[in-house]
Visitor: 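Handing you this structure, nothing more for now.
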There are 2 protein chains.
Amino acid sequence: MQDLSPPKNVQTSIDEAVVSGILSARIRPGTRLSENEVASLFNVSRTRVREAMMRLEQRGIVKVSPRRGWFVVEPSAEEAINVYAARRVIEAGLMRSMSRLTEAGRDKLHAHLAEEKTAIAAGDRQRLTCLMGDFHIRIAELSGNAILVEILRDLTARTILISLIYQSEFHAMQSHLGHCRIVAAMEEGDFLKAAELAIEHLDEVETGLDLTRRPDPLADLRHSLSLPPQTAVPSSNASRKPNHETNRGE
Amino acid sequence: MQDLSPPKNVQTSIDEAVVSGILSARIRPGTRLSENEVASLFNVSRTRVREAMMRLEQRGIVKVSPRRGWFVVEPSAEEAINVYAARRVIEAGLMRSMSRLTEAGRDKLHAHLAEEKTAIAAGDRQRLTCLMGDFHIRIAELSGNAILVEILRDLTARTILISLIYQSEFHAMQSHLGHCRIVAAMEEGDFLKAAELAIEHLDEVETGLDLTRRPDPLADLRHSLSLPPQTAVPSSNASRKPNHETNRGE
DNA sequence: CTTACGCATCTTGTATGCAAGATTTGTCGC
DNA sequence: GCGACAAATCTTGCATACAAGATGCGTAAG
């Protein structure tokens, strides 16, 4: 799909490598990104790594803990809610602003849905994570608006990090069907319905989160030792109903 | 309103100073921001200035021309169209997602409208520019969603830069009335109507742009010499009808 | 065995130095 | 006077050096 080779010689190769690693779920939330290590991996000095980190921090993808290190963000429950709310606002707004689906656009969406299907059949979870996020970027691309694509790309990255923290299992087929319904509505030219379906779809996913779960600081070690994830901390209230009515006064 | 003093001792004081300067129209599009000059203004080394520039570049507020310097962006016509389209999508989506207006929220909006009114009476154009942009940030703040506020804040900054390039005169009263209508609809609890009004309002402003106009490289010098702005380059097709139907297939 | 302290190590924060390229300016030739 | 060339100047790009703080480990005291 994309090329993921680190030694690409552009100005933003570091940024892209990190984002691409997150979008494909190869990098977990909370991962430390040492300036020195990244610098040697890319054969550059810390200067350029820091500049990349500054950009990534601005995008809400990494955070610095002073004199401790850079870490891939672990969105809090509140941030997770905000990310989903923002996505509902933007994606629904986007669909309502559309007036028709071109043939080229339809073909791209169909191609994407086909990829999702084969990945589900293959059961490749990493690839699925990547594709499930990409779908929403594909939608944004239909608008031809680079600004919206960028915004949704970064929100998608954060969404993936959120799901890695708060989502116990992912219902790939459910999401896939949601995507299919959205595309179908768009093909009918019913973009209001598509918008509603998009909101429902995001609700479904958000409902599947367990936001009472705390980010697990041992996740990477746990994974390295092939231990089952997070079984020691069961939480009541495992799935909530998202309440996305925005009415706060301040 | 905000404090605009440069020597504020936080980590992002440079970023804030630049953005605040743009939001209040004190910094024109195309302004060069020399690393050395900014560094001495803030009594820091170029390192921190560069880091700030990296963040601002990521936000679409400055651009670097290799080995020539950093410049406040001058959005192209296409970018201008995209900015307005993105704002329509997000602001309309935001309003449609709201279910009610709290008293505190209503009070803040009314306070803001009152400020607009007094600024119009005073005829303070810089302050007006600032307020007209702030209104949309106030709306985003109602949602309590920090992510959306950030996104709209940066889009507003770009909008101001766009208007400084492409807008010959600004119809402050027209904008103010648009804002009043939006607030009225929200007070009625009719957020669908508010969304439609927001789209109309943005359309109005976009229609008032003359996107055939090229950014004037001599603008600051011209201004310093108190010459009349841009009279030498008249352009036909002075105001267009915005076409914001998004239907591109790729 | 447990706890507290201190040093060694590793991290980022910041400044600075140098190189490469772009621009400008001054000068020379016509 | 006018245009072309060249040096001087200014810009960012990038690496490196050093300082300040956080962490962890070993050791010693209780």
Side-chain angles (χ1 to χ4, degrees), chain A residues 6-18 27-74 215-221 224, chain B residues 6-18 27-74 215-222 224-225:
Chain A
K8 223 168 53 178
N9 284 328
V10 274
Q11 222 63 340
T12 57
S13 54
I14 299 174
D15 311 51
E16 284 172 26
V18 172
I27 303 180
R28 292 191 54 84
T31 304
R32 194 167 93 82
L33 297 173
S34 156
E35 290 184 5
N36 276 319
E37 288 179 15
V38 176
S40 8
L41 280 177
F42 284 83
N43 277 100
V44 295
S45 79
R46 281 179 49 219
T47 305
R48 289 190 48 194
V49 177
R50 274 183 78 77
E51 291 176 351
M53 291 299 169
M54 295 294 159
R55 287 188 292 263
L56 290 170
E57 183 177 38
Q58 187 61 49
R59 293 165 70 177
I61 288 175
V62 304
K63 262 206 167 334
V64 65
S65 177
R67 312 239 180 222
R68 287 189 9 123
W70 292 92
F71 299 89
V72 174
V73 295
E74 300 177 286
D216 177 10
L218 306 176
D220 42 355
L221 181 55
S224 302
Chain B
K8 223 167 53 178
N9 284 327
V10 274
Q11 220 65 338
T12 57
S13 54
I14 298 175
D15 311 51
E16 284 171 27
V18 173
I27 303 181
R28 290 192 55 83
T31 304
R32 193 168 94 82
L33 298 172
S34 155
E35 291 183 5
N36 276 318
E37 288 179 16
V38 176
S40 9
L41 280 177
F42 285 83
N43 277 101
V44 295
S45 79
R46 279 179 52 220
T47 305
R48 290 189 48 194
V49 176
R50 273 183 77 76
E51 291 177 350
M53 291 300 168
M54 296 293 160
R55 286 187 292 264
L56 289 171
E57 184 177 37
Q58 187 62 51
R59 293 166 69 177
I61 288 174
V62 304
K63 264 208 165 334
V64 66
S65 177
R67 312 236 179 226
R68 287 187 13 121
W70 292 91
F71 299 88
V72 175
V73 295
E74 300 178 285
D216 178 9
L218 305 175
D220 43 354
L221 181 56
R222 203 185 300 275
S224 302
L225 300 175

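Convention: sequence-line order gives letters A, B, ...; per-chain numbering from 1. Quick caveat, the model's predicted, so the values are computed rather than measured. Computed from heavy atoms alone, side chains included, the values below leave out hydrogens, waters and symmetry copies.
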Visitor: Taking salt bridge (charged side-chain N to carboxylate O under 4.0 Å, His left out) as the test, write out the residues that go with Glu35(B), two or more places apart.
Guide: Arg46(B), Arg50(B)
Visitor: Hey, does the side chain of Ser65(B) reach the backbone of Arg68(B) with a donor-acceptor pair shorter than 3.5 angstrom?
Guide: no
Visitor: Just by protein heavy atoms under 4.0 Å, how would nucleotides 8-16 of chain D read 5' to 3' in B, S and -?
Guide: ---BBBSBB
Visitor: Quick one: are Met53(B) and Val64(B) in side-chain contact, heavy atoms under 4.5 Å?
Guide: no
Visitor: Report the residue from Asp15(A), Val18(A), Val73(A) that forms a side-chain contact (heavy atoms from CB on, under 4.5 Å) with Arg59(A).
Guide: Asp15(A)
Visitor: Are Glu74(A) and Lys63(A) packed together at the side-chain level, in the sense that at least one heavy-atom pair is separated by less than 4.5 angstrom?
Guide: no
